[in-house]
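What follows is a single structure, written as structure tokens, with notes after it.
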Amino acid sequence: ARGVPAIGVVNFDAHFDLRGGATPSSGTPFRQIADLAHQRGWSFRYAVYGISEYANTAALFHRARALEVRFRLDESLTLLDREAARRELADFVAGVEHVYLTFCLDVLPGAVAPGVSAPAARGVPLEVLEPLLDVVAGSGKLRVADVAE
């Protein structure tokens with residue numbers, strides 16, 4: 001819609017958090033945002049880094065693709081992938097005016113974040129995540145950030 005700022009959501013998470021259902025939960029927030037954006041005629045711009053193929057259903061992958069969510073699997077976020085992921089994220093951030101950043105601790109390897117409710121078998125190492133966080137923090141577009149479990 002005209003006059004509506006382009007807001008991008010960047011999520012570091014093992015899960016899409018796009019689940020359906022009438023009752024809001026920790027698995028539904030970004031689907032709720034997508035629904036609200038659709039109702040208002042706004043674009044939904046969502047990028048997720050660290051998705052676990054095993055922690056998300058086929059239906060969630062289908063929904064993510066239908067919503068044109070940009071995502072990168074945890075297995076594609078190694079030291080060898082770091083620069084390509086950084087470029088992808090910089091491209092995403094360049095296309096929005098404001099960024100909401102959320103970092104779910106379950107994106108980290110279970111050995112680093114063992115106390116989360118759904119520890120990642122694989123996870124994404126901090127040395128891969130830090131340059132990605134720097135892209136968002138250094139963009140001048142970051143408006144709000146949170147750390148979630």
Side-chain angles (χ1 to χ4, degrees), residues 1 4 6-96 98-133 135-136 139 141-142 144-149:
V4 175
I7 300 169
V9 177
V10 176
N11 185 14
F12 294 94
D13 199 333
H15 305 94
F16 282 115
D17 292 345
L18 289 169
R19 278 188 265 159
T23 304
S25 73
S26 64
T28 66
F30 303 110
R31 196 232 54 241
Q32 290 173 263
I33 292 171
D35 289 350
L36 182 64
H38 178 75
Q39 290 167 11
R40 294 185 177 181
W42 300 351
S43 64
F44 177 64
R45 298 173 188 183
Y46 181 38
V48 193
Y49 287 78
I51 289 295
S52 168
E53 192 168 2
Y54 306 103
N56 294 274
T57 64
L60 287 170
F61 277 94
H62 178 76
R63 181 171 291 139
R65 288 184 181 99
L67 291 170
E68 298 179 6
V69 173
R70 291 192 193 187
F71 66 90
R72 195 174 256 264
L73 298 175
D74 56 1
E75 64 191 37
S76 296
L77 280 168
T78 68
L79 285 172
L80 296 175
D81 304 303
R82 185 168 57 183
E83 185 54 30
R86 193 197 64 70
R87 284 192 308 269
E88 286 172 10
L89 183 55
D91 178 63
F92 178 81
V93 170
V96 299
H98 308 287
V99 176
Y100 162 43
L101 170 67
T102 182
F103 188 100
C104 184
L105 295 175
D106 68 17
V107 74
L108 297 168
V112 175
V116 299
S117 60
R122 179 185 193 93
V124 182
L126 279 172
E127 58 268 22
V128 175
L129 293 171
E130 286 174 334
L132 300 176
L133 290 166
V135 166
V136 178
S139 69
K141 297 178 179 185
L142 180 62
V144 65
D146 64 46
V147 176
E149 187 282 311

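Values reported hereafter were calculated over all heavy atoms of this structure, with side chains retained and with hydrogens, waters and symmetry mates removed. These numbers come from a predicted model, not from an experiment.
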For Ala85 versus Tyr49, what's the shortest heavy-atom pair and its separation?
O-OH, 4.0 Å
Residue from Asp35, Leu36, Ile7, Ile33 passing side-chain contact (heavy atoms from CB on, under 4.5 Å) with Phe44:
Ile33
Nearest atoms (heavy-atom pairs only) where Gly95 meets Ala6:
O-CB, 4.2 Å
Throw together a table of side-chain donor-acceptor distances under 3.5 angstrom for residues 106-122, partners on residues two or more places apart or in other chains.
unit_1, atom_1, unit_2, atom_2, d
Asp106, OD1, Ala14, N, 3.2
Asp106, OD2, His15, ND1, 2.9
Ser117, OG, Glu149, OE2, 3.2

Would you mind listing every ring pair (Phe, Tyr, Trp, His ring centres under 6.0 Å) that reaches into residues 107-131, with sequence neighbours excluded?
none
Give, for atom CG of Leu18 and atom NE2 of His62, the distance between the pair rounded to the nearest 0.5 Å.
12.0 Å
Would you find more than 12 non-hydrogen atoms of other residues, nucleotides or ligands less than 6.0 Å from Glu53 atom CD?
yes
Mind checking what makes side-chain contact (heavy atoms from CB on, under 4.5 Å) contact with Thr102, not counting sequence neighbours?
Asn11, Phe30, Tyr100, Asp146
I need the full list of side-chain hydrogen bond (donor to acceptor under 3.5 Å, both in side chains) pairs touching residues 87-96, with sequence neighbours left out, sorted by first then second residue.
Arg70-Asp91, Arg72-Glu88
Just checking His98: does its NE2 atom have more than 12 heavy atoms from other residues, nucleotides or ligands closer to it than 6.0 angstrom?
yes
Under the side chain to side chain contact (heavy atoms under 4.5 Å, CB included) rule, what do Asp74 and Leu77 come out as? Steps first, then yes or no, please.
CA-CA 5 Å; Asp74 56 1; Leu77 280 168; 5.6 Å; no
Checking the side chain of Ser43 only, and the main-chain atoms of Arg45 only, is there a donor and an acceptor separated by less than 3.5 Å?
no
Exercise: identify the closest heavy-atom pair between Ile51 and Phe71:
CG1-CB, 4.2 Å
Give the table of side-chain donor-acceptor pairs shorter than 3.5 Å for residues 124-133, with sequence neighbours excluded, one pair per line with atom names and distance.
none

Can you run down the salt bridge (charged side-chain N to carboxylate O under 4.0 Å, His left out) pairs that involve residues 10-27, sequence neighbours left out, and say none if there aren't any?
none
Smallest heavy-atom separation, Ser139 atom then Leu142 atom, equals OG-N, 3.9 Å
